[in-house]
Amino acid sequence: MTGPVLSPADLAHFAGLLRQRRAELEGELARQGASLADVRAARSGADADDEHDPEGPTLSDEWSLRAGVHAELTASLASIDAALGRIDDGSYGICLRRGEPIGRDRLQARPAAELCIDCAREQG
């Protein structure tokens with residue numbers, strides 16, 4: 001594995017970005033959780049037959065959409081936590097696939113990046 005490529009100041013910068021993004025995601029996750037609870041309550045009501053409502057999405061559609069967003073937010077939080085763990089263990093900024101440095105520009109754009117840009121392109 002390649003040695004450290006980021007200075008302590010760089011690591012502090014990226015840790016700050018990750019913590020800020022984590023706080024934003026936690027807020028959004030709480031809002032989505034409340035929305036899911038609202039949809040759940042509406043679906044459990046006695047008059048929840050919205051399958052025949054021509055005026056927009058059904059409660060099932062709404063539930064699926066909100067559950068998907070909730071899952072994405074949860075996955076993003078896990079990715080951020082993993083990146084913070086890599087900062088702690090000294091492996092942050094190193095591609096998990098090739099062991100090469102991840103470019104600073106990529107980390108600035110995606111602080112939780114696990115792969116260098118080449119590996120990310122190959123996967124995607």
Side-chain angles (χ1 to χ4, degrees):
M1 172 154 72
T2 305
V5 294
L6 298 171
S7 71
D10 289 332
L11 293 173
H13 168 74
F14 289 117
L17 289 178
L18 288 162
R19 285 188 198 101
Q20 178 183 1
R21 182 66 182 136
R22 189 177 203 301
E24 293 166 359
L25 287 171
E26 284 177 330
E28 183 59 29
L29 193 59
R31 285 187 290 282
Q32 286 297 323
S35 292
L36 278 171
D38 291 345
V39 173
R40 183 181 300 124
R43 286 177 73 188
S44 66
D47 60 347
D49 180 19
D50 71 331
E51 298 298 323
H52 301 97
D53 181 3
E55 300 287 327
T58 65
L59 289 174
S60 295
D61 289 342
E62 191 68 22
W63 175 265
S64 294
L65 173 69
R66 298 214 183 272
V69 170
H70 192 273
E72 285 180 29
L73 292 169
T74 301
S76 293
L77 279 174
S79 179
I80 287 171
D81 288 342
L84 289 167
R86 289 191 304 277
I87 288 174
D88 289 342
D89 73 16
S91 64
Y92 182 80
I94 304 297
C95 177
L96 295 181
R97 188 166 165 208
R98 291 188 182 161
E100 297 176 2
I102 298 173
R104 187 170 179 18
D105 288 344
R106 176 159 171 76
L107 291 172
Q108 187 65 39
R110 299 183 61 102
E114 297 179 335
L115 303 174
C116 66
I117 192 69
D118 293 334
C119 287
R121 285 182 181 142
E122 288 173 12
Q123 280 195 338

Which atom names give the shortest non-hydrogen contact between [X] and [Y], and what distance separates them?
X	Y	value
Leu107	Gly93	CD1-CA, 3.9 Å
Glu24	Arg31	O-NH2, 4.5 Å
Ala83	Leu18	CB-CD1, 3.7 Å

Validation row: [X], [Y] side chains within 4.5 angstrom (heavy atoms):
X	Y	answer
Leu73	Leu77	no
Glu72	Gln32	no
Leu96	Arg86	yes
Gln108	Leu17	yes
Cys119	Arg98	yes
His70	Leu29	yes

Item to check | CD on Glu122 to SG on Cys116, rounded to 0.5 Å | outcome: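 Between atom SG of Cys116 and atom CD of Glu122 there are 7.5 Å.
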Next on the checklist: Just verifying a value: how many Å separate Arg104 CZ and Leu6 CG, rounded to the nearest 0.5 Å?
Outcome noted: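 If we round to the nearest 0.5 Å, Arg104:CZ and Leu6:CG are 7.0 Å apart.
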Is there a donor-acceptor contact under 3.5 Å from the side chain of [X] to the main chain of [Y]?
X	Y	value
Asp81	Ala78	no
Arg19	Leu84	no
Ser79	Ala75	no
Arg106	Leu115	yes

Item to check | Path from Ile117 to Phe14 over hydrophobic side-chain contacts below 4.5 Å | outcome: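 Looking at the clustering, Phe14 is in a separate group from Ile117.
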